[in-house]
Visitor: 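What follows is a single structure, and I will ask about it in a moment.
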Amino acid sequence: MPYMITHWWLADLPPISGILRTVFYTGLLALCVLDHPSPLHAARIIGRTEPALYTPVGLLKVLGVRWVPPRVLTVVTRLTVAAWVAAAVGFAQPVSAVLVLLGFAFLHAVNAGALGSNHSTHSALYALFCLCFSRTPAFSLDGFLAAHVSGWPVLPGGHSVLQSGFAPRLLLVFVVYIMFAGGVAKLTNGGLAWLDGRALHFYLRQSAPSARAPWLARLVTERPALCRWLARATVVVELSAPLALVNPVLRLPAVLLWCGLHLGILLLMMPAYWVQMWCYTLLIGWGSLEGVLTGRPAPLPAGSTSAWEHGPGGRALVAIGLLCSLACVVVLLRQSEQWPLTSVPMYSNGAPAAEQPLPDIGELKRLAVQAENGRPGAWRRPWVAEEPLEEVLVRPADGGEAVPLFQLMVQQAQQGRVVRFARWSQYVKAVRSVAITDVAAKPAHRPQADPTASPDHPATAFLRTLVPVLRSAVPEPARYAGLELVCRTTSGPLVIGRVPLDGDHPNHPNDLIEPAQAATSEKELS
């Protein structure tokens, strides 16, 4: 049994060759430079993000890192790229690979707090992690220096555990998890309703203005039956991903199906999974690139004879692989959204926005507590502008119609008055998180705003951080009375937080928006 487990981890895929290492690192670097947004653009992204709307994630949150200045990110990015070039040419292996991982992981974590919803570079982070367990003397600067410089450290030979197939095997586990989690999320969040294709049809229509192939988007959206079959095919492709783990014969067909899915999304929707598709290059048995270019036979995978020949090193890698697999299972079962593992990919709601039921005021507390306790789908997750349950409204001083804060800030940005605010996906993520925390902290019978509460409830405290942002963005702040955070309910929009722009609490006897304004506000919230 131990032999079977170790052999499965180390021998199934061939080791990463020197040429493949160089091609992969170079291509991934090019994609992360050209693709937007990516961790290598963290300095620019953070520079355009309002700190009040930034939400630190992962280890940064644990360490209490609330904000990272763009100039620091610029330095980290340059050092990461330098280490990346070294790793690509095979210099100082595997130290250079570890340095690339640390720099990219830090930038990835910083970016995650400013992007809201972005999964396109998760696979790159996993791939760089896996490459820390691989080093190749062939086609490397290390090998060249060892052969021509007296006393240069010599890399271990073919029996080194770092020259086994562990790295691509571990990456296979991660990408299989990503695909499988997508199918599970669709059935968990959307239920069987996802399979009728109406939700996919809704998202395709929402994405049509930005589709990279408008003719194809029209062809699909004009055929609801086609959307139904595409929705079902997507779930089948994602849920069948684990077959690539247990049967090597199915790996290449699985990779081709995954690429087909990514290309479909690329043509019909906003997300672009170029980076994830590039990571699949490490999962294909290319044979020996050295053999093609140099005429030398391909080396056998180090674990193809007896994995236990690697001794303690082999057993340590097997333990790491099993722990990573267990972590993926735990994250999937807990529906965790913690960086960098997430079990909630995009576009997994099961019904169009108009058919998603609004909650009663009395059940807001229960939904908020469930969302805080590991059921993120309990509180509606918005993917497009029609879906949020909550919104920050700006109240005019003359009693006119309220304006969504994001819409107002976009207008100011178009006129050159706003230097930074937030991407829409990050904005709604921050507002949703505050609404959940606020409602969960209040009594179930009284989720409304309480201007007399001391200290401020979370929604009120959040709005106070936005007041100076609004005042600095609009040319005439006196035109506006204050900010309100409202939740959509079956009884109409409910105010759960309210602050004035002048520092005094306005006198509002009712925490529900007036009936005359309710219809307008419902439209504004969408």
Side-chain angles (χ1 to χ4, degrees), residues 13 20 23-24 27-28 30-31 34-35 117-124 126-127 168 171-187 190 194-208 210-286 342-348 350 383:
L13 281 166
L20 181 57
V23 170
F24 178 79
L28 186 60
L31 287 175
L34 298 174
D35 188 42
S117 298
N118 179 55
H119 303 273
S120 60
T121 56
H122 279 29
S123 56
Y126 304 147
L171 178 60
L172 178 62
V173 170
F174 282 125
V175 297
V176 163
Y177 167 77
I178 292 174
M179 300 304 299
F180 184 72
V184 172
K186 289 177 177 61
L187 297 182
W194 171 267
L195 301 178
D196 67 16
R198 289 182 301 133
L200 179 60
H201 185 263
F202 168 74
Y203 290 121
L204 290 176
R205 284 192 294 106
Q206 292 290 316
S207 304
S210 304
R212 296 174 179 86
W215 65 271
L216 184 59
R218 288 193 299 270
L219 185 149
V220 175
T221 54
E222 290 173 358
R223 295 166 173 78
L226 179 58
C227 289
R228 179 168 60 252
W229 287 108
L230 287 176
R232 294 172 180 176
T234 298
V235 174
V236 170
V237 169
E238 291 173 332
L239 294 183
S240 64
L243 293 176
L245 282 174
V246 298
N247 191 335
V249 176
L250 298 178
R251 186 177 303 124
L252 181 58
V255 168
L256 294 177
L257 286 174
W258 301 342
C259 289
L261 177 59
H262 298 322
L263 290 174
I265 294 172
L266 180 74
L267 295 174
L268 300 175
M269 292 181 167
M270 283 292 293
Y273 289 98
W274 292 114
V275 170
Q276 180 149 332
M277 286 190 285
W278 184 252
C279 292
Y280 297 155
T281 59
L282 296 180
L283 308 180
I284 299 174
W286 300 102
T342 174
S343 62
V344 189
M346 293 178 67
Y347 307 117
S348 56
W383 298 127

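Throughout, residue positions are numbered sequentially from 1 according to the sequence presented. Here the structure is a predicted model, which is why all the values come from computation and not from measurement.
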Visitor: Could you tell me the separation between the CD1 atom of I265 and the OG1 atom of T234, rounded to the nearest 0.5 Å?
Guide: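 Separation between the atoms: 7.0 Å.
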Visitor: Could you please spell out the steps behind the side-chain contact (heavy atoms from CB on, under 4.5 Å) verdict for W274 and L34?
Guide: CA-CA 10 Å; W274 292 114; L34 298 174; over 6 Å; no
Visitor: Treating R228 as the side-chain partner and R198 as the backbone partner, does any N or O pair qualify as donor plus acceptor under 3.5 Å?
Guide: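 Not at all, since once roles are kept as given, no pair shorter than 3.5 Å links the two residues.
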Visitor: Answer yes or no: is there a side-chain heavy-atom contact under 4.5 Å between L31 and Q276?
Guide: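 No, their side chains stay 4.5 Å or more apart.
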Visitor: Nearest heavy-atom pair of A127 and C279: which atoms, and what distance?
Guide: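 The pair with the smallest heavy-atom distance is CB-SG, 3.9 Å.
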Visitor: To the nearest 0.5 Å, how far apart are SG in C227 and CZ in R205?
Guide: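 Those atoms lie 9.0 Å apart.
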Visitor: Rounded to the nearest 0.5 Å, what's the gap from CG on L230 to CZ on R223? Could you check?
Guide: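 Reported to 0.5 Å precision, the distance equals 11.5 Å.
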Visitor: Which heavy-atom pair separates V176 from A244 by the least distance, and what is that distance?
Guide: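 The answer is CG2-CB, 4.4 Å.
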Visitor: Is the Y126 ring parallel, tilted or perpendicular to the F174 ring (thresholds 30°, 60°)?
Guide: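 Taking F174 first and then Y126, their aromatic rings lie parallel (interplane angle under 30°).
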Visitor: Give the C-alpha distance, both sets of side-chain angles, the deciding distance and a yes or no for side-chain contact (heavy atoms from CB on, under 4.5 Å) between T221 and L268.
Guide: CA-CA 10 Å; T221 54; L268 300 175; over 6 Å; no
Visitor: How close do L28 and W278 get, heavy atom to heavy atom, and via which atoms?
Guide: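 In this case the closest contact between L28 and W278 is N-NE1, 3.3 Å.
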Visitor: Looking at every non-hydrogen atom in both residues, tell me the closest pair between S123 and L171 and how far apart they are.
Guide: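 Of all heavy-atom pairs spanning S123 and L171, the closest is O-CD1, 4.3 Å.
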Visitor: Considering non-hydrogen atoms only, spot the tightest contact between R251 and L283 and give its length.
Guide: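 Heavy atoms of R251 and L283 come nearest at CD-O, 3.2 Å.
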Visitor: Looking only at heavy atoms, which two atoms of M179 and A241 are closest? And how far apart?
Guide: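 Closest heavy-atom pair between M179 and A241: CB-CB, 3.8 Å.
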Visitor: Please confirm whether the backbone N or O of M277 pairs with a side-chain atom of W258, one donor and one acceptor, at under 3.5 Å?
Guide: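 Judged by distance alone, no pair lies under 3.5 Å.
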Visitor: Taking the side chain as C-beta and beyond, is there a heavy-atom pair between L187 and L239 under 4.5 Å?
Guide: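 Yes - at least one pair of side-chain heavy atoms lies under 4.5 Å apart.
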Visitor: Within this structure, what is the OG-CG distance for the pair S240 and L250, rounded to the nearest 0.5 Å?
Guide: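 CG of L250 is found 9.0 Å from OG of S240.
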Visitor: Quick one: sort the Y280 and H262 rings into parallel, tilted or perpendicular, breaks at 30° and 60°.
Guide: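 Parallel.
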Visitor: Do side-chain atoms of S207 reach the backbone of L204 as a donor and acceptor pair under 3.5 angstrom?
Guide: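 No; zero donor-acceptor contacts below 3.5 Å.
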Visitor: Set out, in order, the CA-CA distance, both residues' side-chain angles and the distance that settles side-chain contact (heavy atoms from CB on, under 4.5 Å) for Y177 and L245, then state yes or no.
Guide: CA-CA 10 Å; Y177 167 77; L245 282 174; over 6 Å; no
Visitor: So how far is it from L195 CG to L200 CG, rounded to the nearest 0.5 Å?
Guide: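 Rounded to the nearest 0.5 Å, the CG-CG separation comes to 11.0 Å.
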Visitor: Tell me if a side-chain donor or acceptor on R212 pairs with a main-chain N or O of M270 at a distance below 3.5 Å.
Guide: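 Yes; judged by distance alone, with no hydrogens or angles, the pair exists.
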Visitor: Under 6.0 Å from the ring centre and within 45 degrees of the ring axis: does the NZ or CZ of R218 meet both conditions for the six-membered ring of W215?
Guide: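 Relative to the ring axis of W215, which defines the angle, R218 lies outside at least one limit.
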Visitor: Does a side-chain heavy-atom distance below 4.5 Å link C259 with Y273?
Guide: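 C259 vs Y273: side chains apart.
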